[in-house]
Structures are given as C-alpha cells and as structure tokens.
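Written out below as structure tokens is the structure these notes cover.
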Amino acid sequence: MRLSSQSPQALVKGLVRLAEARHIEQGPPRTPPGSTPVHRMAQTCVPPAAGAPLQRVAERAANSPMAGEVELVSARRARELFPPLAHDGPAIHIPGTARLDGRSVRDAMRRAAVRRGARVIEGTATIVADGAVRGVRVDDVFVGADAVIAAAGAWSPQLLEPIGVRVRIAPQRGQIMHLRLPGVETGNWPVVLPRSQHYILAFGDSRIVVGATREDDVGFDHRVTVGGMAEVLGEALSVAPGLAAATHVETRIGFRPVGPDVRPLLGAVPQVAGLVVVNGLGASGLTVGPYVGAIAARLARQVDPGIDLAPYDPLR
C-alpha cells in the first residue's frame with residue numbers, strides 16, 4: 001500500500017500566488033479567516049514494496065522543490081503520523097505536501113474570475129455555431145463570443161453533439177465516504193495511498209474522507225449503492241482498521257469524465273472555428289486542471305500553447 005498527499009506543485013504555487021495577490025478570498029466558514037483552500041501539510045508517507053519505489057519517488061521529488069527531502073521511516077513512525085494504520089513495514093515519508101478542498105478551490109477561483117470581470121450565468125447552455133462559434137445561449141440569454149471553451153466534463157457530449165461535434169467521453173461514477181473520529185485532531189494527518197486506486201484523506205474537524213470507487217457503464221445513476229459502500233469501507237479498513245470506530249457522516253457521488261485513454265482531450269476543433277474542447281481528466285482534475293486550463297485559454301486567444309497537442313486530439 002501507499003500513504004501519500006504530495007500535491008501538484010503548479011496548482012499549489014498558483015493558488016498561493018493568487019492568495020498573496022488577494023485574488024482568492026477566504027473559503028467557507030470552516031476555513032479560518034484570511035486563509036486559502038490550500039492547506040500545507042507537514043508530512044506524507046508511501047509504504048514501499050522494496051527499494052525501487054523509494055528511488056522512483058525520490059527522483060520525482062527531486063524535480064519538485066516543494067516536496068522536501070524524501071526518507072524511509074519505520075512502521076512505528078508511520079503509525080504515529082496516521083494512528084489508525086495497521087501497517088507493519090517501512091514507509092516513504094514526503095514532508096512537503098498540501099491538501100485541497102475541491103469545493104473551496106472552485107468557489108475561490110470563481111470569485112477571483114469575477115473580480116477580474118468574468119460573468120457567471122447559470123442555466124442550461126447551448127453553443128451557437130454555423131461553421132464557427134457565434135456564442136453561447138444560456139436559457140434565454142445569448143452571449144456572443146469569438147471563442148468558446150467547452151469544459152462540461154461528463155456532460156460534454158450533450159453540449160457538443162447538437163453542433164456536430166462528437167467526443168468520446170463517458171461518466172465514471174465515484175462514491176466517496178466522509179467519516180468522523182469524534183474528539184480526534186486529524187488536521188495534520190497525511191494522506192494514505194494504498195497500493196490500489198483508493199485513498200484516505202484527513203481534514204480538520206476530525207473528518208476523514210475515504211474512497212473512491214471507479215464505476216464505468218453506470219451512466220448518470222446518482223445512487224449510493226451497497227456495493228460501492230462495501231468497496232470503499234473494505235479498502236479503507238484493510239489499511240486503517242482504526243477507522244472502524246468512526247462515525248459515517250455522508251457518502252458523496254461524482255461523475256468523472258473519462259475518455260478513450262488516460263490522456264486528456266485538449267485542443268481546437270477544426271470544423272468549428274473558435275471551439276476549444278477540454279475534457280477527459282478523469283480523477284486528475286485537481287492535479288492537471290490548472291495547467292490544462294491555461295493551455296485552453298491560450299488556444300482561445302490564438303496564442304501558441306507551448307506544447308505539441310497532437311497526442312491530445314479531442315476528436316480521437
């Protein structure tokens with residue numbers, strides 16, 4: 001298994017810069033006044049199978065000044081960092097980490113955009129195009145535009161097919177459980193990444209998030225299922241049986257946009273001038289989203305994106 005909470009360096013740096021420039025305001029009431037949705041954590045652990053995983057992590061961390069010095073710690077130290085663990089082997093410790101509250105990041109970035117002149121219009125959107133984009137209609141409101149960035153996630157096919165653009169995107173359901181350990185201070189616990197696709201993430205207020213399922217071929221079925229809960233809890237308790245006494249707070253459902261492979265769908269659409277598609281980030285939205293968004297903004301402004309986008313053809 002693995003224990004990890006290393007954050008995407010570019011995302012953390014960008015959010016910190018925005019916060020320092022006062023473009024990101026404080027988050028919801030649970031976030032202390034004056035703070036940002038980025039919480040710098042003191043440690044991360046990754047239990048290795050042998051020496052090779054440690055070497056790989058150390059090599060990657062060497063390219064990230066924020067990662068700190070990677071080291072191997074004992075099982076006892078790993079349990080000190082994350083008390084519910086039952087891990088009995090050594091662990092990789094990555095001291096330079098951060099945690100993000102996705103909803104707070106979304107809200108903060110929206111506020112930052114509005115401060116810079118953006119308009120937020122809520123409703124059902126359709127793209128208006130006749131060989132080139134003319135704008136977007138949101139219910140009865142038409143907004144003219146020279147370029148449109150279609151970043152509608154798992155719902156992109158419904159947005160793009162009416163203008164003759166087909167993207168290979170499907171929803172992947174994720175069930176995530178929120179637990180609480182009453183009276184336990186969890187705010188500085190590291191993220192646990194077992195040797196699977198699941199994780200355990202600690203927040204303040206004694207809250208632990210465990211997940212998540214990756215369910216294909218279920219459409220937009222927004223149900224919490226017995227099988228999903230069993231998978232999430234089974235994975236979590238196999239790694240951290242000390243969570244057995246936790247209180248179940250809620251289970252959340254989300255739909256990841258998954259494409260034909262692991263690469264994002266990113267680029268301009270030749271048959272509709274001015275249309276840029278951004279999609280297929282799957283479970284990596286918070287990791288690569290800011291970088292991909294910056295590239296999409298360059299494309300919309302007809303500026304060189306700085307990378308070869310051929311492997312990310314949105315129509316592949």
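- Distance check: His248 NE2 to Met229 CE gives 7.0 Å after rounding to the nearest 0.5 Å.
- Under the 4.5 Å side-chain criterion, counting only non-hydrogen atoms from C-beta, Phe220 is not in contact with Arg173.
- Applying the salt bridge (charged side-chain N to carboxylate O under 4.0 Å, His left out) criterion to Arg256, with sequence neighbours excluded, gives no partner residue.
- One distance of note links CZ of Arg77 with CG of Leu72; it measures 13.0 Å at 0.5 Å rounding.
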What pairs of donor and acceptor atoms, side-chain ones from residues 294-302 against any protein atom, are under 3.5 angstrom apart with sequence neighbours left out?
{"unit_1": "Arg298", "atom_1": "NH1", "unit_2": "Asp304", "atom_2": "O", "d": "3.0"}
{"unit_1": "Arg301", "atom_1": "NE", "unit_2": "Ala297", "atom_2": "O", "d": "3.4"}

Validation: residues 261-272 side-chain donor-acceptor distances under 3.5 Å, sequence neighbours left out:
{"unit_1": "Asp261", "atom_1": "OD1", "unit_2": "Arg263", "atom_2": "N", "d": "2.9"}
{"unit_1": "Asp261", "atom_1": "OD1", "unit_2": "Arg316", "atom_2": "NH2", "d": "2.6"}
{"unit_1": "Asp261", "atom_1": "OD2", "unit_2": "Arg263", "atom_2": "NH2", "d": "2.9"}
{"unit_1": "Asp261", "atom_1": "OD2", "unit_2": "Arg316", "atom_2": "NE", "d": "3.1"}
{"unit_1": "Arg263", "atom_1": "NH1", "unit_2": "Pro311", "atom_2": "O", "d": "2.9"}

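- Hydrophobic clustering (ILVMFWY, side-chain heavy atoms < 4.5 Å, transitive): Val277 and Val133 are in one cluster.
- Thr186 is linked by a side-chain hydrogen bond (donor to acceptor under 3.5 Å, both in side chains) to nothing, counting only residues two or more places apart in sequence or in another chain.
- Cluster partners of Val114, by chain and number: Val120. The rule joins Ile, Leu, Val, Met, Phe, Trp and Tyr whenever side-chain heavy atoms lie under 4.5 Å apart.
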Please assess Arg207 against Glu185 for the test salt bridge (charged side-chain N to carboxylate O under 4.0 Å, His left out), listing each intermediate value before the final yes or no.
CA-CA 9 Å; Arg207 185 162 55 103; Glu185 175 51 55; over 6 Å; no

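- The heavy-atom pair separating Ala61 from Val70 by the smallest distance is CB-CG2, 3.5 Å.
- Using a 4.5 Å heavy-atom cutoff, the side chains of Arg252 and Val209 are not in contact.
- Counting only residues at least two apart or in different chains, side-chain hydrogen bond (donor to acceptor under 3.5 Å, both in side chains) contacts with residues 133-159 comprise Asp130-Arg134, Ser156-Asn279.
- In this structure, Ser104 OG and Met109 CE are separated by 13.0 Å, a value rounded to the nearest 0.5 Å.
- Atom CG of Leu201 is separated from atom NE2 of His178 by 8.5 Å, given to the nearest 0.5 angstrom.
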